[in-house]
Amino acid sequence: MNYRVEGSSVIMERPEDFDAEKIFECGQCFRWNLQEDGYWTGVALGHVLKLREEGDTVRFLCSDDDFLKVWMPYFDLGRDYTAVRARISIDPFTAKAAEFGKGIRILQQDAWETLCSFIVSQCNNIKRIKGIVERLCVLFGDQIAYHGEVHYLFPPPERLAHLEEKDLESLRAGYRTGYILNAAREIVQGRLSLDILKNVTTDKAIEALTELRGVGIKVANCAVLFGLGKIDAFPVDVWVRRAIERHYDAETFDSTVFGEDAGIAQQYIFYYIRNGQD
DNA sequence: GGGCAGGCATCGA
DNA sequence: TCGATGCCTGCC
């Protein structure tokens with residue numbers, strides 16, 4: 001990864017597999033927004049960042065220390081996605097999906113934020129999910145200053161655990177509110193540790209998460225893939241299911257054919273079926 | 001205005 | 001064990 005510091009920016013040589021629009025709009029995250037000046041602004045991992053693609057480089061408005069410690073892991077910059085695309089292109093469909101989704105990277109997000117966000121995502125649309133998550137942060141998250149602007153961090157479970165559903169009415173999250181509060185309490189009371197789940201197998205982590213009310217197979221898979229760094233998880237939502245039914249024998253399809261890359265394969269397939277031709 | 005959206009829990013067979 | 005149904009809300 002080649003980069004240089006320029007004033008208060010880090011200028012990164014743009015990898016072949018780095019497309020900000022695809023990364024932020026492929027459905028894995030809910031707190032990144034494109035501004036009119038071409039900068040993407042996001043809050044993640046307790047930090048705010050603006051970044052902009054400038055030809056063959058990407059400008060990160062952050063210190064080189066934050067770039068190294070926070071954003072390199074967050075953007076999964078240590079992984080060779082060109083090699084991943086080659087490995088998962090095991091048939092014409094995944095080859096097309098991987099080519100179409102070239103530039104996507106799986107963000108290594110905060111576990112708690114990811115769990116909550118995907119609890120909110122159930123039976124919901126992106127616009128509304130983003131609205132609910134944003135209101136949750138503004139209402140209960142700490143303020144953080146960045147380049148003269150005020151942003152809001154995602155509230156930790158401790159901030160929510162003691163609240164009642166009526167306190168979260170203005171989120172307009174509907175029946176998902178209770179699920180969020182319950183998950184926060186399970187964590188605060190020590191019955192569930194997301195940190196411990198980082199060090200167990202993908203199957204064990206999914207099993208533990210589905211113990212939570214309002215967390216089924218799909219949400220648990222998203223939480224472990226995007227929040228616990230378990231890149232072999234394979235969330236199947238209605239779109240991916242549609243793709244599998246159309247291009248494979250749904251009875252015998254097994255995501256383990258993609259091995260450790262299954263989660264990335266899933267994201268290419270998801271992005272392709274939603275934004276591509278077939 | 002009612003169908004539906006990137007699920008889940010519950011209930012009945 | 002599996003299929004049907006209700007669930008909050010908001011946007012077609």
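By convention in this document, chain letters (A, B, ...) are assigned in the order of the sequence lines, proteins followed by strands, and residues within each chain are numbered from 1. Just so it is clear, the structure is predicted and the values come from calculations on it, not from any experiment.
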Scan side-chain atoms only and decide if A:Arg14 and A:Thr57 contain a donor-acceptor pair under the 3.5 Å cut-off. no

Would you please test A:Thr256 and A:Asp254 for side chain to side chain donor-acceptor pair (under 3.5 Å) and show each step? CA-CA 5 Å; A:Thr256 58; A:Asp254 184 353; 2.9 Å; yes

Counting runs of three or more consecutive pairs, Watson-Crick or G-U wobble, with each distance below 3.5 Å, where are the stems of DNA chain B? B:2-5 with C:9-12, B:7-13 with C:1-7

Compute whether any side-chain donor of one residue and acceptor of the other, for A:Lys130 and A:Asn33, lie under 3.5 angstrom apart. yes

Heavy-atom neighbours of A:Asp65 CG exceed 12 at 6.0 Å: yes

Under 3.5 Å, which protein N or O atoms sit close to an N or O of nucleotides 10-12 of chain C? Give each pair with its distance.
from   : atom 1 : to       : atom 2 : distance (Å)
C:dG10 : OP1    : A:Arg172 : NE     : 2.3

For C:dG6 and B:dG2, measure between their C1' atoms and round to the nearest Å. 16 Å

How many whole angstroms separate atom CD1 of A:Ile269 from atom P of B:dG6? 18 Å

If the P atom of B:dC4 is compared with that of C:dT5, how far apart are they to the nearest Å? 13 Å

Tell me if the centroids of the rings in A:Trp40 and A:Phe24 come within less than 6.0 Å of each other. yes

Send over the distance from A:Ile217 CD1 to C:dT1 P, rounded to a whole Å. 14 Å

Using the side-chain heavy atoms of A:Val219, tell me which of these nucleotides is nearest: C:dC8, B:dG6, B:dC8. B:dC8

Distance-only donor-acceptor test, A:Tyr179 side-chain atoms vs B:dG7 base atoms, 3.5 Å: no

Taking 4.0 angstrom as the limit, do A:Arg213 and A:Glu186 come out as a salt bridge? no

For A:Lys166 and C:dC8, give me the distance from atom NZ to atom C1', rounded to whole Å. 19 Å

A:Leu168 atom CG is separated from C:dC8 atom P, nearest whole Å, by 15 Å

Classify A:Val215 by what it touches in the nucleic acid, base, sugar-phosphate, or nothing, heavy-atom distance under 4.0 Å. sugar-phosphate

What does A:Ile119 touch in the nucleic acid at a heavy-atom separation under 4.0 angstrom: a base, only the sugar-phosphate, or nothing? nothing

Distance, rounded to the nearest Å, where A:Arg241 contributes CZ and B:dA5 contributes C1': 16 Å

How many whole angstroms separate atom CD1 of A:Ile132 from atom P of B:dG7? 14 Å

Thinking salt bridges, do A:Arg85 and A:Asp17 make one under a 4.0 Å N-O criterion? yes

Under 4.0 angstrom, heavy atoms only, what part of the nucleic acid is A:Arg213 near: base, sugar-phosphate, or nothing? sugar-phosphate

Using the P atom as the point on both nucleotides, what is the distance between C:dC8 and B:dG1, in whole Å? 23 Å

B:dG6 phosphate, OP1 or OP2, under 4.0 Å from A:Arg274 side-chain N/O: yes

Looking only at the aromatic ring of each residue, does the gap between the centers of A:Tyr81 and A:Phe18 stay below 6.0 angstrom? no

How many whole angstroms separate atom CZ of A:Phe30 from atom P of B:dG6? 11 Å

Regarding A:Gly27, tell me which of base, sugar-phosphate or nothing describes its non-hydrogen contacts under 4.0 Å with the strands shown. base

Nearest 0.5 angstrom please: A:Tyr271 OH to A:Tyr268 OH, how far? 11.5 Å

Figure out the CZ/P separation between A:Arg242 and B:dC4, and round it to whole Å. 12 Å

Under 4.0 Å, heavy atoms only, any strand: does A:Leu212 hit a base, just the sugar-phosphate, or nothing? sugar-phosphate

Is it true that, when you exclude A:Ile144 itself, more than 12 heavy atoms of the residues, nucleotides or ligands shown sit nearer than 6.0 Å to its CD1? yes

Mapping A:Glu211 and A:Arg176 onto DNA chain B by nearest heavy atom, which one lands closer to the 5' end? A:Arg176

